[in-house]
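The structure presented is a predicted model; accordingly, all values stated were derived computationally and were not measured. Along the sequence shown, residues carry numbers from 1.
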Amino acid sequence: MKALEGVRVLDMTHVQSGPSATQLLAWLGADVVKLEAPTGDITRQQLRDVPDVDSLYFTMLNCNKRSITLNMKSERGKEIFTELVKSADVLVENFGPGAVDRMGFPWERLQELNPRLVYASIKGFGQGRYAKFKAYEVIAQAMGGSMSTTGFEEGPPLATGAQIGDSGTGIHAVAGILAALFQRNQTGRGQRVQVAMQHAVLNLCRVKLRDQQRLAHGPLREYPNKTFNDEVPRSGNASGGGQPGWAVRCAPGGPNDYIYVIVQPVGWKPIANIIGRPELAEDPEWATPEARLSKLDKMFQLIEEWTIRHDKWSVLDRLNAENIPCGPILSTKELVEDESLREEGIVVSVEHPERGEFVTVGSPLHLSDSPVDVRTPPLLGEHNQEIYGELGVSADELNELKTNGVI
């Protein structure tokens, strides 16, 4: 039995923030029914690498779901949607603000139809001044605190490659949905779950708000920056935490031939030995964390003078042998080909009926009693007959609905 077996999710989401959430629910065992317009989720067509086949954008965010099509602008479509809501445990949407209300289904109406329904909405922003603004991944990063603190001191603000605005918000939504389902077990009532992309990014940037407040008491000594104003600066690859870290170059000098090294107090002596400078372990100018704090750039330069002569995997083995925290910078190619990640089931190959095999990310959630089998995403409307049949729609009516553009 899967953790969420028996839970029906009506998935009205599209693009990334919503589908990333509902895919996690599907991996946990929920029956996720993806409700699409007859034209389909826009990402089925975006960034296609194979003509007339669902894109990787779509396939990698919609595994383990079933797909139905429905025209919500038609009266018969609204009637069918009403029945779908009655049979659902969770409804998830990430349309623009008020879109579902304008379809004729505000929260009050949904509650009347199904008092046990958990209704989750993902928006760009909360109910304040930004409520009606359009939001995309990097806009959320910009307005959630990530971009202002990412990059090098003299450079422009930078976006992170991690999709913290979209998929990061999706994970927050899953937490809210699961909490609402748990509370429903106690109360018998469903509830609204609302998550904003800006809020999710800000939550992921909380350590930078920590440092914003620390600035009132002087410079942030753990940062490599020479000057500080009244806001947290961009600090390159510095960890910004209690233990200094930096990405240092390795041989042969390619774009990802780097390893990130963290220097703990107990790690300085073994590092000094490894890089061939054992005298630095006792030198009062280097021996203590306080002594090194004012010259972190020089410290990592000394380490890099050794790492640049070795490849990152050799450096990884040597430093790990001394229990020194470190990690090589892994490219997307290295991640796709990583045998360990394959064995762990976090990089998986999935067979698609039209495109053949593709590689995707497996479930990052591992439950001992609820294993995840990543299954191919649905073709557009693949489960119309199956799911609408459960609602009592006959085969003849299905054909009529298709002819009339209702499904």
Answer yes or no: does atom NZ of Lys132 have more than 12 heavy-atom neighbours from other residues, nucleotides or ligands under 6.0 Å? no
Among all residues two or more places apart in sequence or in another chain, which pass the ring-ring contact (aromatic ring centres under 6.0 Å, His included) test with Phe95? His14
Asn384 side chain to Thr69 main-chain N or O, any donor-acceptor pair under 3.5 Å? yes
Salt bridge (charged side-chain N to carboxylate O under 4.0 Å, His left out) for Lys78 and Glu75? Distances and angles first, verdict last. CA-CA 5 Å; Lys78 295 181 191 299; Glu75 286 306 312; 5.4 Å; no
Correct closest heavy-atom pair for Phe182 and Gln186 would be O-NE2, 3.4 Å
If we ignore hydrogens and angles and just use 3.5 Å, is the side chain of Glu322 paired with the main-chain N or O of Arg318 as donor and acceptor? no
Nearest heavy-atom pair of Pro377 and Phe58: which atoms, and what distance? CB-CE2, 4.2 Å
Could you check if a side-chain atom of Met72 sits within less than 4.5 angstrom of a side-chain atom of Phe105, using non-hydrogen atoms only? yes
Tell me which donor-acceptor pairs under 3.5 Å the side chains of residues 363-371 have, and how far apart each pair is, sequence neighbours excluded?
| unit_1 | atom_1 | unit_2 | atom_2 | d |
| --- | --- | --- | --- | --- |
| Ser363 | OG | Leu365 | N | 3.1 |
| Ser363 | OG | Leu365 | O | 3.1 |
| His366 | NE2 | Ser363 | O | 3.4 |
| Ser370 | OG | Ala3 | N | 2.8 |

Verify salt bridge (charged side-chain N to carboxylate O under 4.0 Å, His left out) between Glu334 and Lys312, making sure each step is shown before the conclusion. CA-CA 13 Å; Glu334 288 171 315; Lys312 62 188 178 185; 3.0 Å; yes
If you draw a 6.0 Å radius around CG in Asp49, do more than 12 non-hydrogen atoms from other residues or ligands fall strictly inside? yes
Given 3.5 Å as the limit, does a donor-acceptor pair link the side chain of Thr307 with the main chain of Cys250, or not? no
Assess the side chains of Ser349 and Arg342: does a donor N or O sit below 3.5 Å from an acceptor N or O? yes
Results of side-chain hydrogen bond (donor to acceptor under 3.5 Å, both in side chains) for Arg214 - residues two or more places apart only: Asp211, Glu222
Electrostatic pair Arg66-Asp31, nearest N-O below 4.0 angstrom: yes
Listed once per pair and sorted, the ring pair (Phe, Tyr, Trp, His ring centres under 6.0 Å) pairs that draw on residues 309-334, sequence neighbours left out: Trp306-His310
What pairs of residues pass the salt bridge (Lys or Arg N to Asp or Glu O under 4.0 Å) test when at least one of them lies in residues 84-108, not counting sequence neighbours? Glu83-Lys86, Asp89-Arg184, Glu93-Lys123
Say whether, by atom type as modelled, one donor and one acceptor occur between the side chain of Gln141 and the main chain of Met147 under 3.5 angstrom. no
Tell me the closest heavy-atom pair linking Val261 and Phe300, and the distance in Å. O-CE2, 3.6 Å
All heavy atoms of Leu380 vs all of Ala37, minimum pair found to be CD1-O, 4.1 Å
Whether over 12 other heavy atoms sit under 6.0 Å from Asn323 CG: no
Closest non-hydrogen atom pair, Thr13 against Lys34: O-NZ, 3.0 Å
With a cut-off of 6.0 Å (strictly less than), are more than 12 heavy atoms of other residues, nucleotides or ligands near CG of Leu391? yes
Output yes when a side-chain donor or acceptor of Asn229 lies under 3.5 Å from a complementary backbone atom of Glu231, and no otherwise. no
Consider only side-chain N and O atoms of Glu36 and Ser67, and report whether a donor and an acceptor are under 3.5 Å apart. yes
Using every non-hydrogen atom in the two residues, find where Gly124 and Ala135 come nearest and quote the distance to one decimal. CA-CB, 3.4 Å
Applying side-chain hydrogen bond (donor to acceptor under 3.5 Å, both in side chains) to Glu400 and not counting sequence neighbours gives none
If the condition is side-chain hydrogen bond (donor to acceptor under 3.5 Å, both in side chains), which residues does Thr22 pass it with, not counting sequence neighbours? Asp11, Lys65
Contact list for residues 146-168, test ring pair (Phe, Tyr, Trp, His ring centres under 6.0 Å), sequence neighbours left out: none
For Asn225 and Glu153, indicate whether the former's side chain and the latter's backbone hold a donor-acceptor pair under 3.5 Å. no
Quick one: do Leu84 and Ile68 satisfy side chain to side chain contact (heavy atoms under 4.5 Å, CB included)? Show the steps, please. CA-CA 11 Å; Leu84 289 168; Ile68 57 174; 3.9 Å; yes
Which donor-acceptor pairs under 3.5 Å do the side chains of residues 265-274 make with protein atoms, sequence neighbours left out?
| unit_1 | atom_1 | unit_2 | atom_2 | d |
| --- | --- | --- | --- | --- |
| Trp268 | NE1 | Leu280 | O | 3.1 |
| Trp268 | NE1 | Trp286 | O | 3.3 |
| Asn273 | ND2 | Lys269 | O | 3.4 |

List for me each residue that meets side-chain hydrogen bond (donor to acceptor under 3.5 Å, both in side chains) alongside Glu390, sequence neighbours excluded, and say none if there are none. Arg8
Are the side chain of Glu304 and the backbone of Val248 linked by a donor-acceptor contact shorter than 3.5 Å? no
Tell me which donor-acceptor pairs under 3.5 Å the side chains of residues 190-198 have, and how far apart each pair is, sequence neighbours excluded?
| unit_1 | atom_1 | unit_2 | atom_2 | d |
| --- | --- | --- | --- | --- |
| Gln191 | NE2 | Gln183 | OE1 | 2.8 |
| Arg192 | NH1 | Ser121 | OG | 2.8 |
| Gln198 | NE2 | Met143 | O | 2.8 |

Classify the side-chain pair Thr43/Asp41 by whether it contains a donor and acceptor separated by less than 3.5 Å. yes
Counting distance only, does the side-chain N/O of Tyr260 pair as donor-acceptor with the main-chain N or O of Asn237 below 3.5 Å? yes
What pairs meet the ring pair (Phe, Tyr, Trp, His ring centres under 6.0 Å) rule with one or both residues in residues 127-150, with sequence neighbours excluded? Phe125-Tyr130, Tyr130-Phe133
Between Leu56 and Arg355, is any pair of side-chain heavy atoms under 4.5 Å apart? yes
Do Thr376 and Glu351 pass the side chain to side chain donor-acceptor pair (under 3.5 Å) test, and can you show the C-alpha distance, the side-chain angles, and the key distance before you say yes or no? CA-CA 6 Å; Thr376 192; Glu351 192 65 33; over 6 Å; no
